[in-house]
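To start, the structure under review is shown below, and the notes come after it.
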Amino acid sequence: MQRNNAVDEIKSRCNIVDVIGRVVPLKKAGSNYKGICPFHNEKTSSFIVSEQKQIFTCFGCGATGDVIAFVQRYYNVDFPEAIERLAGEYGITIDKGFFKKNEKNDKLYEINRDAANFFYSAFTKTANAGYAYMQNRGIEPATLKKFGIGYADEKWDSLYTYLKSRGYDYNTLLELGLISYSKGKYYDKFRNRVMFPIINTRGKVIGFGGRIIGDGEPKYLNSQESPIFLKKNNLYGLNLTKQDIGKENCAILVEGYMDVISLYQSGVRNVSASLGTALTDNQAALLKRYTDKVVLSYDADDAGRKAALRGLDILYGAGMNVKVLHVTDGKDPDEFVKKKGKEAFIELTKEALPYADYKIEHIKREVDVSVTEGRVEFLKRAIAVLKTLSPAEADIYIKKIANDMKISEGAIRMELYGGDAGFGTGTRMENSDKVRRMPENVQRDKDAALRSMSDEDTAGDGMRDAEHISATEKHLIKIVLTDSSYYHKVAAYSYIFTNTKILAIWAAIKSVYRDGEEINPQAVREMLEIEEQDVFDDIMKNTLVAGYEEQIYIDSVKKIEIHEMKKRESEIKVMLSLADEDENGENIKELTEELMEIQKWINAQGGLQ
């Protein structure tokens, strides 16, 4: 079945009331159905589902869309995953090439799944050191099952023998890092370890982490990278916790597997962890699909603080609201939550320090501000932090630093802005004056609205279709690569980058960018995978902007903003069509005023385009 036909078939056969009714209790209310919104905390029903129009809307949080949009938002999946889920549930056949599946990767996923089942069977069916270890760590059977914890025994070839009996060839097993080869023999890579399956957000086993039982090195051993496992692109536990992260609109990012599992068991379920490496731009982009608020809860030792500082810069650079928490009783979140419990940990997260506060506190830890030299060094390093802030943020911290260090605000401003001390532009530059700003209330709901868009909503330019790269995305990437002075301007609109290859290119650009320097395209290219390089090469060769950067940038931004306004206009019309004058009178008034403001704005841009 062709793509558009499949989407139409799903929408015609999947009754939205049935789909939503499985997870949200609905009651008949006139010609519609009502329930408690699953996307925000509420006590009274403001969530409406229309069987006639096959749409849903919430007058509390503004969520709205069709059956595909609901599945995307509720299960925190992308468009292809939503289509596959609904097609499977309703027996709708989709062509093999519908989403351009990679047969080799499918085989790798299959092998990893079989390996995970083997480890889980060894963990649960007979007494073993791995199960005893996890019991001693206080992890309950239900939690162990939830995370699919397994055990690799101490023998040299248990897994290899099993997988060989399943018909898998040794070269593929070597590629996945499940076995090793030495002196003419193949043997298991993981031995005498508790096994943590690493599962991506689509539910595929992509790798493993193994914790040694007793003494031995390395303490933790992760799968080597493979075509289906790149550490920089994945986060542990996110397959289970993404919905809780979205519902809480906050992610707690910890260091290790046990931190995630222990917090999850305690009831703190909006949690995830990086995979034994420093946080990456790609991981930040993945996390931002579900929330723009993150609390980094790393160990309080030097390594943990160093990791927190790097994570702060990555997440803040991605436009996220990030704070840092170091536990005060226990060396890590796992130990703390076992001693104090869920509520104590949640209270502790409220004391987490925001980006600039943590960076400034860190400087104080490293310099002696009781002496003149130390105060000078502190101010020099604090200025570097202030330069990363918006002018409004910088102004707040100028006052705090001046009061704390007994230094005049004027002196700090002179250091920060030079002779132009009356006002400044931090590295987070404002948009060009030539670009009109969208109304504040539309901007406020932008991220939530974009996450719920279905393919049909953006058929005009494909801006939200993860399988498609729009001309706008290509233009913005090429503009930055041509003239790095546009970096911060483009960064303000980088949320439109949804194609995975474009996201990888943008992450590489962010990594190599240095303020005041031109970006080296070759340095960006070297950070990409082969398929990403193909897209990069196509942009460099076929997307032309030289000499017209400013006009193309302005046109691109205008297109983005008009697109978003028209999307919001459609949403409001849907909400008004479902509103009850008696129950939603105030909502109707607010929505009508917003609709008029949006339509006035669109007309000012030249009307529908």
Could you tell me whether the side chain of [X] and the main chain of [Y] form a donor-acceptor pair under 3.5 Å?
X	Y	answer
Gln54	Ile16	yes
Ser511	Ala507	yes
Gln283	Thr280	yes
Thr592	Ile588	yes
Ser494	Val490	no
His475	Ala471	yes
Lys242	Thr201	yes
Asn234	Leu230	yes
Arg269	Tyr264	yes
Glu225	Lys231	yes

Beyond-backbone contact of [X] with [Y], side-chain heavy atoms, under 4.5 angstrom:
X	Y	value
Val205	Ile198	no
Asp106	Tyr109	yes
Val24	Ile36	no
Leu238	Leu287	yes
Leu325	Leu296	no
Val324	Tyr298	no

Inset, instruction - Using the ring of Tyr553 (Phe, Tyr or Trp, six-membered ring only), decide whether Lys489 places NZ or CZ under 6.0 Å from its centre and within 45 degrees of its axis. - result: yes

Salt bridge or not for [X] and [Y], using N-O below 4.0 Å?
X	Y	result
Arg568	Glu594	yes
Lys474	Asp538	yes
Glu347	Lys350	yes
Glu110	Lys107	yes

Legend entry - Verdict with reasoning, Lys600 to Glu597, per salt bridge (Lys or Arg N to Asp or Glu O under 4.0 Å): CA-CA 5 Å; Lys600 181 180 178 182; Glu597 184 179 359; over 6 Å; no

If you measure from [atom1] on [X] to [atom2] on [Y], what distance do you get to the nearest 0.5 Å?
X	Y	atom1	atom2	answer
Cys61	Glu42	SG	CD	7.5 Å
Phe59	Ser45	CZ	OG	12.5 Å
Ile502	Ile469	CD1	CD1	4.5 Å
Leu315	Asp292	CG	CG	11.0 Å
Gln243	Tyr75	CD	OH	7.5 Å
Ser390	Glu393	OG	CD	3.5 Å

Inset, instruction - Using the ring-ring contact (aromatic ring centres under 6.0 Å, His included) rule, pick out the option among Tyr495, Phe536, Tyr487 that qualifies with Trp506. - result: Tyr487

Restricting to non-hydrogen atoms, name the atom on [X] and the atom on [Y] that form the minimum distance, rounded to 0.1 Å.
X	Y	result
Pro333	Ser297	CG-OG, 3.3 Å
Thr472	Ser556	CG2-CB, 4.1 Å
Ser274	Leu235	CA-CD2, 3.8 Å
Ala352	Val295	CB-CG1, 4.1 Å
Glu473	Asn499	OE2-N, 3.8 Å

Legend entry - Steps toward salt bridge (Lys or Arg N to Asp or Glu O under 4.0 Å) verdict (Glu81, Arg85): CA-CA 6 Å; Glu81 290 176 275; Arg85 178 186 285 265; over 6 Å; no

Inset, instruction - May I have the step-by-step check of side-chain hydrogen bond (donor to acceptor under 3.5 Å, both in side chains) for Asn15 and Glu51, ending in yes or no? - result: CA-CA 7 Å; Asn15 189 316; Glu51 187 168 30; 2.9 Å; yes

Inset, instruction - Taking the six-membered ring for Trp and the single ring otherwise, decide whether the centroids of Tyr257 and Phe147 are under 6.0 Å apart. - result: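 Ring centres of Phe147 and Tyr257 not closer than 6.0 Å.
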
Inset, instruction - Measure from the ring center of Phe56 to the ring center of Phe47 and say whether it is less than 6.0 Å. - result: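 Close enough - the centres of the two rings lie under 6.0 Å apart.
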
Inset, instruction - Go through the structure and list residues passing side chain to side chain contact (heavy atoms under 4.5 Å, CB included) with Lys589, not counting sequence neighbours. - result: Glu586, Glu593

Inset, instruction - Please name all residues satisfying side chain to side chain donor-acceptor pair (under 3.5 Å) with Tyr90, sequence neighbours left out, ordered by chain then number. - result: Arg22

Inset, instruction - Under the salt bridge (Lys or Arg N to Asp or Glu O under 4.0 Å) rule, what do Asp534 and Lys501 come out as? Steps first, then yes or no, please. - result: CA-CA 9 Å; Asp534 291 342; Lys501 297 178 182 64; over 6 Å; no

